[in-house]
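Sequential numbering from 1 along the given sequence is applied to the chain's residues.
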Amino acid sequence: MPSKKPTCSLVTPTYNWPEALELLLLSIKQQSVLPDEVIIADDGSKEDTAALIQRMQQDFPVPLHHIWHEDNKNQKPAIMNKAIAHAKHEYIVEIDGDIIMHRDFVKDHLTFAEKGVFLYGSRVNIQEEHLETLFKDKQINFHFLSKGIKKRGRTLRIPLLMAQFKKENTRSPKLRGCNMSFWREDFIRINGFNESLTGWGIDDSEMIQRLLNTGIQGRRLKYAGLAYHIYHPEQDKSHIEVNKIIERETTEKKVTYIEKGVDQYL
């Protein structure tokens with residue numbers, strides 16, 4: 001691992017859930033190591049999200065950018081490409097807009113950042129019955145014994161145990177786009193997210209597969225990079241089979257570059 005940590009843009013997609021986004025932003029403010037900037041990739045939210053971001057910008061400890069496009073159903077790959085094209089720093093930490101981060105989340109991603117490698121972590125689930133309390137109290141701190149969570153083993157932060165997790169050349173079924181990081185130059189080289197994908201799902205894993213196809217390796221963040229996922233109903237998965245076909249082709253044909261990607265915005 002490099003002794004000097006990379007500079008970092010933290011990028012998060014959001015869509016019409018300012019209550020969750022506020023908790024995410026509050027958890028960024030308390031980070032032990034701050035990102036160099038935060039970019040909200042907004043897939044067409046209404047004015048209440050913009051108003052929240054404007055309010056938070058007034059005393060946010062790092063530049064807080066709001067990249068927005070009109071609501072045209074799910075266009076997460078496009079808004080993420082626009083956001084990362086806007087990013088000014090060498091390393092991208094990607095989290096979802098319904099994530100609350102442990103105070104050492106950014107520190108852990110930057111500590112284990114390594115050239116030629118992307119990182120992916122897991123998440124603790126905040127349960128539906130806890131949401132009223134969560135939002136009322138604006139709760140952003142959790143531990144092993146906290147109420148309203150499951151997957152408690154994932155609350156344990158013991159970075160020394162990361163030594164057992166080696167680099168991988170294949171895509172892990174444990175990969176989740178809600179908690180991962182990669183080098184911006186690697187992302188640009190594969191042309192970013194695939195805007196041919198429609199609806200919810202597969203965009204992160206298809207992009208990561210192209211990174212792997214270029215020789216970039218993955219490494220699992222375990223006992224580090226802790227994240228808490230706020231419960232919500234499942235997304236519409238009506239298009240997911242079409243997306244899986246594209247992902248399968250990416251894997252089998254070792255696709256490294258797609259036509260409709262981030263180059264449109266650079």
Side-chain angles (χ1 to χ4, degrees), residues 1-2 5-13 35 39 41 76-96 99 105-106 108-123 162 165-198 200-222 224-225 227 240 243-266:
M1 286 179 293
K5 292 183 175 68
T7 63
C8 154
S9 299
L10 189 144
V11 182
T12 180
I39 306 175
K76 183 189 158 197
I79 196 63
M80 287 295 288
N81 280 339
K82 291 170 186 175
I84 295 174
H86 182 90
K88 294 178 175 63
H89 296 281
E90 59 189 329
Y91 198 67
I92 305 296
V93 177
E94 178 189 337
I95 54 169
D96 280 352
I99 289 288
F105 181 90
V106 172
D108 289 342
H109 271 274
L110 298 184
T111 296
F112 293 103
E114 185 179 352
K115 286 288 187 180
V117 175
F118 68 87
L119 301 171
Y120 64 96
S122 55
R123 63 191 192 184
M162 266 294 291
F165 294 93
K166 307 302 182 188
K167 287 175 272 193
E168 307 159 345
N169 295 310
T170 55
R171 193 174 81 246
S172 168
K174 297 183 184 295
L175 179 79
R176 297 288 181 273
C178 66
N179 180 354
M180 66 186 196
S181 60
F182 44 86
W183 296 90
R184 186 176 182 271
E185 64 180 5
D186 294 338
F187 180 84
I188 302 297
R189 192 176 300 118
I190 61 166
N191 207 17
F193 287 105
N194 190 344
E195 295 183 24
S196 298
L197 298 167
T198 54
W200 178 87
I202 307 298
D203 45 284
D204 290 301
S205 58
E206 194 276 341
M207 184 274 286
I208 288 294
Q209 184 60 53
R210 279 181 283 119
L211 282 181
L212 289 161
N213 292 348
T214 67
I216 302 298
Q217 294 178 294
R219 190 178 182 203
R220 188 179 178 197
L221 264 186
K222 181 75 171 168
I240 203 161
N243 291 352
K244 281 182 176 177
I245 291 169
I246 295 174
E247 182 187 59
R248 199 175 309 126
E249 188 171 275
T250 296
T251 306
E252 291 171 357
K253 295 185 177 179
K254 299 196 183 310
V255 175
T256 58
Y257 194 90
I258 37 92
E259 285 183 23
K260 197 176 180 189
V262 71
D263 61 345
Q264 304 166 82
Y265 316 112
L266 294 171

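Counted within 6.0 Å of NZ on Lys88, heavy atoms from surrounding residues, nucleotides or ligands total more than 12; the atom is thus considered enclosed.
A salt bridge links Asp204 with Lys76: the closest approach of a Lys/Arg side-chain nitrogen to an acidic carboxylate oxygen falls below 4.0 angstrom.
Side-chain contact annotation: Gln264 with Asn81, donor-acceptor N/O pair under 3.5 Å absent. In this structure, a donor-acceptor pair under 3.5 Å is absent between the side chains of Glu94 and Ser181. Looking at Glu206 and Thr250, their side chains do bring a donor and an acceptor atom within 3.5 Å of each other.
Listed by first and then second residue, the salt bridge (charged side-chain N to carboxylate O under 4.0 Å, His left out) pairs that reach into residues 180-192 are Lys115-Glu185, Asp186-Arg189, sequence neighbours excluded. Within the structure, salt bridge (charged side-chain N to carboxylate O under 4.0 Å, His left out) contacts touching residues 251-266 (residues at least two apart or in different chains) are Glu249-Lys253.
With rounding to the nearest 0.5 angstrom, the CZ atom of Arg210 is 4.5 Å from the CD1 atom of Ile190. Note: Lys174 NZ to Leu221 CG = 14.0 Å, rounded to the nearest 0.5 Å. Rounding to the nearest 0.5 Å gives a distance of 5.5 Å between CD1 of Ile95 and CZ of Phe105. For the atom pair CD1 of Ile79 and CD1 of Ile84, the computed distance is 11.0 Å after rounding to the nearest 0.5 Å. Note that CZ of Phe165 is 5.5 Å distant from CZ of Arg220, once rounded to the nearest 0.5 Å. Taking CG of Leu266 as the start and CD1 of Ile188 as the end, the distance is 4.5 Å to the nearest 0.5 Å.
The shortest distance between side-chain heavy atoms of Asp96 and Pro13 falls below 4.5 Å. A heavy-atom distance below 4.5 Å is found between the side chains of Pro35 and Val106. Within the 4.5 Å cutoff, no side-chain heavy atoms of Lys222 are placed close to those of Tyr120. Between Asn169 and Leu212, the closest side-chain pair of non-hydrogen atoms is not below 4.5 Å. Taking 4.5 Å as the limit, some side-chain heavy atom of Phe118 sits within range of a side-chain heavy atom of Leu175. The shortest side-chain heavy-atom distance between Asn194 and Ile246 falls under the 4.5 Å cut-off.
The backbone N or O of Met162 lies less than 3.5 Å from a partner atom in the side chain of Arg219, making a donor-acceptor pair. Panel note: side chain Asn213, backbone Thr256; no donor-acceptor pair is recorded below 3.5 Å. Checked by atom type and distance alone, the side chain of Asn243 never pairs as donor or acceptor with a backbone atom of Ile202 at under 3.5 Å. Formation of a donor-acceptor pair under 3.5 Å by the Asp108 side chain with backbone atoms of Ala224 is not found in this model.
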May I have the step-by-step check of side-chain contact (heavy atoms from CB on, under 4.5 Å) for Asn179 and Arg123, ending in yes or no?
CA-CA 8 Å; Asn179 180 354; Arg123 63 191 192 184; 5.8 Å; no

Begin with the C-alpha distance, continue with both residues' side-chain angles, and end with the deciding distance and a verdict on salt bridge (charged side-chain N to carboxylate O under 4.0 Å, His left out) for Glu247 and Arg171.
CA-CA 12 Å; Glu247 182 187 59; Arg171 193 174 81 246; 3.3 Å; yes

Could you walk me through whether Ile216 and Trp183 pass the side-chain contact (heavy atoms from CB on, under 4.5 Å) test, one step at a time?
CA-CA 10 Å; Ile216 302 298; Trp183 296 90; over 6 Å; no

Check step by step if side-chain contact (heavy atoms from CB on, under 4.5 Å) holds for Ile39 and Leu10.
CA-CA 6 Å; Ile39 306 175; Leu10 189 144; over 6 Å; no

How far apart are the C-alpha atoms of Glu114 and Gln217, what are their side-chain angles, what is the distance that settles it, and do they pass the side-chain hydrogen bond (donor to acceptor under 3.5 Å, both in side chains) test?
CA-CA 10 Å; Glu114 185 179 352; Gln217 294 178 294; over 6 Å; no

For side-chain contact (heavy atoms from CB on, under 4.5 Å), just list the numbers for Leu119 and Met180, CA-CA rounded to whole Å, side-chain angles, deciding distance to a tenth of an Å, and then say yes or no.
CA-CA 5 Å; Leu119 301 171; Met180 66 186 196; over 6 Å; no

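Scanning all heavy atoms of the two residues, the minimum distance from Leu211 to Phe187 falls at CD2-N, 4.4 Å. Closest approach of Pro77 to Asp203, counting heavy atoms only: CG-CB, 3.8 Å. Nearest heavy atoms, Leu110 versus Cys8: CD2-CB, 3.7 Å.
Every residue two or more places apart in sequence or in another chain that forms a side-chain hydrogen bond (donor to acceptor under 3.5 Å, both in side chains) with Lys82 is listed here: His69. Scanning for side-chain hydrogen bond (donor to acceptor under 3.5 Å, both in side chains) contacts around Thr251 gives an empty result, with sequence neighbours left out. Every residue two or more places apart in sequence or in another chain was checked for a side-chain hydrogen bond (donor to acceptor under 3.5 Å, both in side chains) with Ser122, and none qualifies. In this structure His86 satisfies the ring-ring contact (aromatic ring centres under 6.0 Å, His included) test together with His65, sequence neighbours excluded.
Aromatic ring centroids of Phe182 and Tyr91 lie 6.0 Å or more apart.
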